[in-house]
**Student:** 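One structure coming up, written as structure tokens, with questions to follow.
Lettering of chains follows the sequences in order, A, B, ..., and the numbering in each one begins at 1.
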Amino acid sequence: MVRVRFAPSPTGPLHIGGVRTCLYNYLFAKKLGGKLLLRIEDTDQTRFVPGAEEYIVESFKWLGITFDEGVHVGGPFAPYKQSERMAMYKEYADYLIENGWAYYAFDTPEELEVKRKEAESEKRTFQYDINTRNSLCNSLTLTAEEVQERLKGHFVVRFKYPENLEITVHDLIRGEVKISSHLLDDKVLFKSDGLPTYHLANVVDDHTMEITHVIRGEEWLPSAPLHVMLYQAFGWDAPQFAHLPLLLKPDGNGKLSKRDGDRLGFPVFPLQWTDPKTGEISSGYRESGYLPEAVINMLALLGWNPGNDQEMMSIDQLIQLFSLEKVSKSGAKFDLDKARWFNHQYLQMKSNAELAEQFNHQLIEKGIQISLDKVEKVVGLVKERVHFIQELWTQSSFFFLQPDTYNPDVIKKRWKEDTPQHLNTISEILMSSQPFDKAKAHDDVMAYIQENQINMGQIMNCLRLSLVGDSKGPDLFEIIDFLGTEEVGKRIAKAIQEIA
RNA sequence: GCCGCGUUCGUCUAGCUGGCCCAGGACAUCAGGUUUUCAUCCUGAAGAUCAGGGGUUCGAAUCCCCUACGCGGUACCA
């Protein structure tokens, strides 16, 4: 049974890269009939941000990614929050020490900082490792009595890499990654605050929760050898590893960050987030009008592809087609235009009724009360030109409100001296068409234009300008039909008055 | 600095077991067409000497080596 996990730390809003990591875990699990669990890695209490955990849960709820086990749904391996599993980590750290896989270290952060500075000034780098641990303050160099004494104060537990060992990580995406134990530093496994670091907690939890595949970001690749060694030290079978390529910023290189989103004007987070400390607001995909299925589809293709030319894929299709072998090795730059395009595609697939219902909320907020089937009618008329739900309003406001400005460029280009006269006549023609009939109105107006040999482009654009305020929008007679002849008459009169 | 990972059109990528690739698709771009307008849509074009250099081979984007560049890591953070 395949069991995978997504294990974020609650240090703020969930980054879109994290969302993708979780998506791949989800697709992988679903494809293989396995389980996905959500574990909260909150071993660093100094970085805890209130609300972050709830944010994470809500984000996946919005996206439709469900978990089989986790903090919010429970499960047979509860608790799924590391701060609630504290007691067990100490035992595992002790086990490592007893078996010679780890040691106590008493050097203070300040002392180590001094060492680093020293080394730096000599163009060297200081590392707590095989080469230096025997000259530092730890249970390897101190007598048993001294160690006992020091254990009453602050201490950390460090991993003790064996000498002359080549460590191999088998990565499902990258193949074998090898490194010598002499190059690795003796990572802290257990901090002086009594909590484990990620490295220990992650390995212990993954094992006890029976995780079979660890699918995570590439930034973890350098510490994967440690994790492999930890499994070995405990005598456990290691899960399979797969390190995903990074999500890069759209311009230049480097990891996509919150700053890039602010700078380039696109969301880096699934949901809008308000920083509880500074009150700073970061935009989210949901609030920006993205459809969850579009975000999923777009994200899935950033670092993976089905091996053919298919791009539009529902979540079920993604599950069917997904495989880690097709995940690419290099980082993917975020493409805002492609994201827009996906949203447009998915928006077109929504029914008019569904969009109308959402759009109606916006209308009500703007103080516009109108029957739902009328809203639906408008939605049907403008949907195809809209990329985001919010644009429904900018593309259709003239259906509900009289224009209060008229595009000066259009006036300049199309509005002639005899325009008011023609518009008035057209207004009358439309009025006389009772009951109103779209097709007949169209024919009548065309006939008028023909008879009087008026430039059609000119008069039609002026008519449009009067009703819409600009040279945009769907079929004019659809607009007229929706507005009703009385309203059309009013708007023509108003336009003539204001433009003249 | 050291270690690791990576490098095909502007972007996401196809290409994985060498010949069907003078490299295919999509987004973006440009040009036409549709439309009374704008947008959508349709058609087409342009766009990568496969990072560079060496090999191996009858033949390499595909295999090997070197270099360059980029990124990641190098915390008592995850």
**Student:** Below 4.0 angstrom from OP1 or OP2 of G73(B), is there any side-chain N or O of K255(A)?
**Tutor:**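 For G73(B), OP1 or OP2 has a side-chain N or O of K255(A) closer than 4.0 Å.
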**Student:** In whole angstroms, how far is the P atom of A39(B) from the CD atom of E384(A)?
**Tutor:**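 The distance from CD of E384(A) to P of A39(B) comes to 13 Å, rounded to the nearest Å.
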**Student:** When the aromatic ring centroids of F266(A) and F334(A) are compared, is their separation below 6.0 Å?
**Tutor:**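 Here the rings of F334(A) and F266(A) have centres that are less than 6.0 Å from each other.
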**Student:** Distance check needed: C77(B) C1' versus D185(A) CG, whole Å only.
**Tutor:**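 These atoms are roughly 14 Å apart.
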**Student:** In whole Å, what is the span from the CG atom of L467(A) to the P atom of U36(B)?
**Tutor:**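 Between P of U36(B) and CG of L467(A): 17 Å.
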**Student:** Is any side-chain N or O of K326(A) closer than 4.0 Å to OP1 or OP2 of G15(B)?
**Tutor:**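 Affirmative; the distance criterion is met.
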**Student:** Answer yes or no: does a side-chain N or O of S330(A) lie under 4.0 Å from OP1 or OP2 of G70(B)?
**Tutor:**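 Negative; the distance criterion is not met.
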**Student:** Specify the residue among L112(A) and L246(A) whose closest nucleotide of RNA chain B lies further upstream toward the 5′ end.
**Tutor:**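 Its nucleotide being nearer the 5' end, the pick is L246(A).
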**Student:** So which nucleotide does C27(B) pair with, by the Watson-Crick or G-U wobble rule with both distances under 3.5 Å?
**Tutor:**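 Its partner is G10(B).
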**Student:** Side-chain N or O of N305(A) less than 4.0 angstrom from OP1 or OP2 on A14(B)?
**Tutor:**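 For A14(B), OP1 or OP2 has a side-chain N or O of N305(A) closer than 4.0 Å.
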**Student:** From CG of D186(A) over to C1' of C76(B), roughly how many Å is that when rounded to an integer?
**Tutor:**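 Nearest whole value for this atom pair: 14 Å.
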**Student:** Regarding G1(B), can its base be found pairing with the side chain of T125(A) as donor and acceptor, where the two atoms are less than 3.5 Å apart?
**Tutor:**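 Pair found.
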**Student:** Quick one: L301(A) CG to G25(B) P, roughly how many Å, whole number?
**Tutor:**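 One finds 17 Å between P of G25(B) and CG of L301(A), rounded.
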**Student:** Under 6.0 Å from the ring centre and within 45 degrees of the ring axis: does the NZ or CZ of R124(A) meet both conditions for the six-membered ring of F126(A)?
**Tutor:**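 Negative - R124(A) is either too far from the ring of F126(A) or too far off its axis.
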**Student:** May I ask you to evaluate whether K191(A) reaches the phosphate of A78(B), defined as a side-chain N or O under 4.0 Å from OP1 or OP2?
**Tutor:**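 Looking at the OP1 and OP2 atoms of A78(B), one of them is under 4.0 Å from a side-chain N or O of K191(A).
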**Student:** Compare every heavy atom of A294(A) with every heavy atom of N343(A), then report the nearest pair and how far apart it is.
**Tutor:**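 Heavy atoms of N343(A) and A294(A) come nearest at ND2-CB, 3.4 Å.
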**Student:** Among the candidates G73(B), G24(B), C41(B), find the nucleotide nearest to the side-chain atoms of P222(A).
**Tutor:**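 Nearest nucleotide to the side chain: G73(B).
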**Student:** Reading RNA chain B from 5' onward, which residue's closest nucleotide shows up sooner: K123(A) or E325(A)?
**Tutor:**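 In this pair, the answer is K123(A).
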**Student:** Rounded to the nearest angstrom, tell me the gap between atom CD in Q310(A) and atom P in U13(B).
**Tutor:**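 One finds 17 Å between P of U13(B) and CD of Q310(A), rounded.
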**Student:** So what's C3(B) paired with, Watson-Crick or G-U wobble, going by both distances under 3.5 Å?
**Tutor:**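 Pairing partner: G72(B).
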**Student:** Would you check if the side chain of S9(A) reaches a backbone N or O of T11(A) as a donor-acceptor pair within less than 3.5 Å?
**Tutor:**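 Looks like no, no N/O pair under 3.5 Å.
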**Student:** Measure CD/E120(A) against P/A75(B) and give the value in whole Å, please.
**Tutor:**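 The distance from CD of E120(A) to P of A75(B) comes to 11 Å, rounded to the nearest Å.
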**Student:** Is any side-chain N or O of R158(A) closer than 4.0 Å to OP1 or OP2 of C76(B)?
**Tutor:**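 Answer is yes, contact under 4.0 Å.
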**Student:** Let me know the distance between CZ of R340(A) and P of A39(B), rounded to the nearest Å.
**Tutor:**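 Computing the R340(A):CZ to A39(B):P distance gives 13 Å.
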**Student:** Distance check: side-chain N/O of R116(A) vs OP1/OP2 of C76(B), anything under 4.0 Å?
**Tutor:**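 Yes, because at least one side-chain N or O of R116(A) sits under 4.0 Å from OP1 or OP2 of C76(B).
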**Student:** If you check every side-chain atom of H344(A), which of C41(B), C76(B), G25(B) has the closest atom?
**Tutor:**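 In terms of side-chain proximity for H344(A), the closest of C41(B), C76(B), G25(B) is C41(B).
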**Student:** With the side chain counted from C-beta on, respond yes when D171(A) and K329(A) share a heavy-atom pair under 4.5 Å apart, and no when they do not.
**Tutor:**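 Side chain of D171(A) against side chain of K329(A), heavy atoms only: no contact under 4.5 Å found.
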**Student:** Between S328(A) and U13(B), is there a side-chain N or O to OP1/OP2 distance below 4.0 Å?
**Tutor:**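 Answer yes for this pair, as a side-chain N or O of S328(A) is under 4.0 Å from OP1 or OP2.
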**Student:** For U49(B), give the paired nucleotide (Watson-Crick: N1-N3 plus N6-O4 or O6-N4; G-U: N1-O2 and O6-N3; both under 3.5 Å), or none.
**Tutor:**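 When the pairing criteria are applied, nothing turns out to pair with U49(B), so the answer is none.
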